[in-house]
Chemist: 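Before I ask anything, let me first share the structure, which is written out below as structure tokens.
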Amino acid sequence: MGGIGIRIENLRKKLGRNQSLDGVSLDFTPRTLHGLIGPEGSGKTTLLRHVIGLLRADEGRILYYDGRKELGLEELRPSMAYMSQMQSLYADLSVAEHLDFFRDLYRIPPETYTRRRAELLHMTRMEPFQGRLAGQLSGGMYKKLGLMCALLQSPSVLMLDEPTTGVDPISRREFWDLIYGLLKSEVLVIITTAYMDEAERCGQVHLIEAGKLLAQGSPREVLTRNRVSTFEELFLRQDRKRMGTESKDRRAV
């Protein structure tokens, strides 16, 4: 079966004195909602930036494929969309002006843009707010606008970097509903989050801490395999192990 997939093999990246990625290997299978789960500073954003080509690895490689056909990054890049965790919209542009701006950026034909624009505004329930400036939107509405801008080109791969951080619980739930709706169009979705409860919303999870991959698989498989009931418990166990190792190293010195 076809579909865009991404395979990461032994990826290593050092940023300053920090080993941001330390031999990470994982597989983002096609038509699946993948969650990169981990605390702040674990390497999630660094990994996404390697996938989109914004950073180059010190070691390892990233393979892009469609079915059995291997693709180059430059070949795939036009159908990839990346939503940064940082505020990247223009505060003095309205919702409608943002959509027009990205229409021109992506060079979307008029008839395609008209249809896609209407679909996205309806999907996000943002029709009444087209004239509102981005700087005047609530946190949840701001994230919805960012998602619309990313989806305007109908990408095959969508990467969302902590899209629900800083929004209220109702907006978080609405945002997840939007993400689930995207899977019907067979998009590969990769989402990063530090919220442990969101891990169980994903089809496949990849748990990362201190640049290392701790576990991966379906949420239920990961919890069962590690004999824990929650992802918080799994990360706490890993923290205790690391602290014990560091304590032994200090005593050895």
Side-chain angles (χ1 to χ4, degrees), residues 2-6 28 30-34 48-49 51-54 64 66-67 69 71-167 171-192:
I4 302 297
I6 302 171
F28 294 128
R31 300 178 301 278
T32 304
L33 172 55
H34 290 267
L48 283 192
R49 289 176 178 174
V51 172
I52 198 69
L54 297 177
Y64 308 87
D66 184 356
K69 178 185 177 183
L71 304 172
L73 174 58
E74 294 305 316
E75 184 179 2
L76 181 60
R77 196 194 300 273
S79 61
M80 302 174 79
Y82 173 59
M83 181 175 161
S84 172
Q85 63 176 301
M86 306 298 292
Q87 290 196 352
S88 55
L89 302 177
Y90 300 97
D92 57 346
L93 291 184
S94 68
V95 170
E97 288 170 335
H98 271 92
L99 295 175
D100 289 346
F101 171 78
F102 281 92
R103 171 201 61 197
D104 296 339
L105 182 66
Y106 296 141
R107 300 179 180 178
I108 300 174
E111 64 279 5
T112 302
Y113 172 68
T114 300
R115 173 182 52 80
R116 189 63 174 156
R117 182 181 186 277
E119 291 173 351
L120 292 172
L121 287 168
H122 177 72
M123 179 182 74
T124 58
R125 294 187 289 184
M126 291 281 282
E127 294 108 325
F129 310 104
Q130 296 180 53
R132 186 171 298 184
L133 300 181
Q136 298 174 348
L137 297 174
S138 66
M141 293 171 67
Y142 187 95
K143 298 283 185 168
K144 287 180 180 180
L145 175 56
L147 181 62
M148 283 195 294
C149 294
L151 291 174
L152 200 57
Q153 61 173 325
S154 301
S156 300
V157 180
L158 176 64
M159 288 172 283
L160 306 171
D161 196 4
E162 302 204 15
T164 58
T165 298
V167 301
S171 295
R172 281 179 62 191
R173 184 167 62 248
E174 290 178 343
F175 201 93
W176 275 99
D177 289 341
L178 291 174
I179 294 172
Y180 287 143
L182 297 176
L183 297 177
K184 298 176 183 178
S185 58
E186 301 189 342
V187 177
L188 166 59
V189 181
I190 306 170
I191 183 170
T192 75

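Residue numbers start at 1 and run along the sequence shown.
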Chemist: Salt bridge between R115 and E119, side-chain N to carboxylate O under 4.0 Å?
Modeler: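 Salt bridge: yes.
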
Chemist: With rounding to the nearest 0.5 Å, note down the distance linking CD in Q130 to CG in L121.
Modeler: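 One gets 4.5 Å once the value is rounded to the nearest 0.5 Å.
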
Chemist: Any donor-acceptor pair under 3.5 Å linking the side chain of E174 with the backbone of S171?
Modeler: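 Judged by distance alone, no pair lies under 3.5 Å.
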
Chemist: Do K69 and E75 sit within salt-bridge range, that is, some charged N less than 4.0 Å from a carboxylate O?
Modeler: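 E75 and K69: salt-bridged.
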
Chemist: Judged by modelled atom types alone, do S154 and R116 share a side-chain donor-acceptor pair under 3.5 Å?
Modeler: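 There is such a pair between these side chains.
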
Chemist: Under a 4.5 Å cut-off applied to non-hydrogen side-chain atoms, are V157 and Y82 in contact?
Modeler: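 Heavy-atom side-chain distance check fails, nothing below 4.5 Å.
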
Chemist: Could you state the interatomic distance from CD1 (I190) to CD1 (I52), rounded to the nearest 0.5 Å?
Modeler: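 These two atoms lie 9.0 Å from each other.
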
Chemist: How long is the gap from CD1 on I4 to CG on L71, to the nearest 0.5 Å?
Modeler: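 Atom-to-atom, I4:CD1 and L71:CG are 5.0 Å apart.
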
Chemist: Identify the two heavy atoms, one from L151 and one from L120, that lie closest to each other, and give their separation to 0.1 Å.
Modeler: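 Nearest heavy atoms, L151 then L120: CB-CD2, 3.8 Å.
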
Chemist: What's the separation between atom CZ in F175 and atom CZ in R173, rounded to the nearest 0.5 Å?
Modeler: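 CZ of R173 is found 15.0 Å from CZ of F175.
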
Chemist: Work out which heavy atom in E162 is nearest to a heavy atom in K143; give both atom names and the distance.
Modeler: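 In this case the closest contact between E162 and K143 is O-NZ, 3.6 Å.
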
Chemist: Minimum heavy-atom separation for V51 and L73, please, with both atom names.
Modeler: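 Shortest heavy-atom contact: O-CD1, 3.8 Å.
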
Chemist: Using a 6.0 Å cut-off, check whether atom OH of Y90 has over 12 heavy atoms from anything other than its own residue.
Modeler: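 Not more than 12 within 6.0 Å, no.
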
Chemist: Just wondering, more than 12 heavy atoms not from R125 lying within 6.0 Å of its CZ?
Modeler: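 Not more than 12 within 6.0 Å, no.
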
Chemist: If you look at every heavy atom in P78 and Q153, which pair is closest and at what distance?
Modeler: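 Looking at all heavy atoms of both residues, the closest pair is O-OE1, 2.7 Å.
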
Chemist: Could you tell me if S84 and D161 have a donor-acceptor pair between their side chains, going purely by distance under 3.5 Å?
Modeler: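 Result is no, nothing qualifies.
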
Chemist: Could you give me the CA-CA distance, side-chain angles and deciding distance for W176 and I191, then say whether side-chain contact (heavy atoms from CB on, under 4.5 Å) is met?
Modeler: CA-CA 10 Å; W176 275 99; I191 183 170; 3.8 Å; yes

Chemist: To the nearest 0.5 Å, what is the distance between CE (M141) and CE (M126)?
Modeler: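 So the CE of M141 and the CE of M126 are separated by 4.5 Å.
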
Chemist: For S88 and Y142, which heavy atoms make the closest approach, and how far apart are they?
Modeler: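 Taking S88 first and Y142 second, the nearest heavy atoms are N-OH, 3.4 Å.
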
Chemist: Under 4.5 Å between any side-chain heavy atoms of L147 and L158, yes or no?
Modeler: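 Contact flag for L147/L158 side chains = yes.
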
Chemist: Nearest heavy-atom pair of H98 and L89: which atoms, and what distance?
Modeler: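 Looks like NE2-CB, 3.4 Å.
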
Chemist: Using only atom types and a distance under 3.5 Å, with no angle test, would you say the side chain of T165 pairs donor to acceptor with the backbone of P163?
Modeler: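 No, T165 side chain to P163 backbone: no donor-acceptor pair under 3.5 Å.
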
Chemist: Nearest 0.5 angstrom please: D92 CG to Q136 CD, how far?
Modeler: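 Output value for this atom pair is 10.5 Å.
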
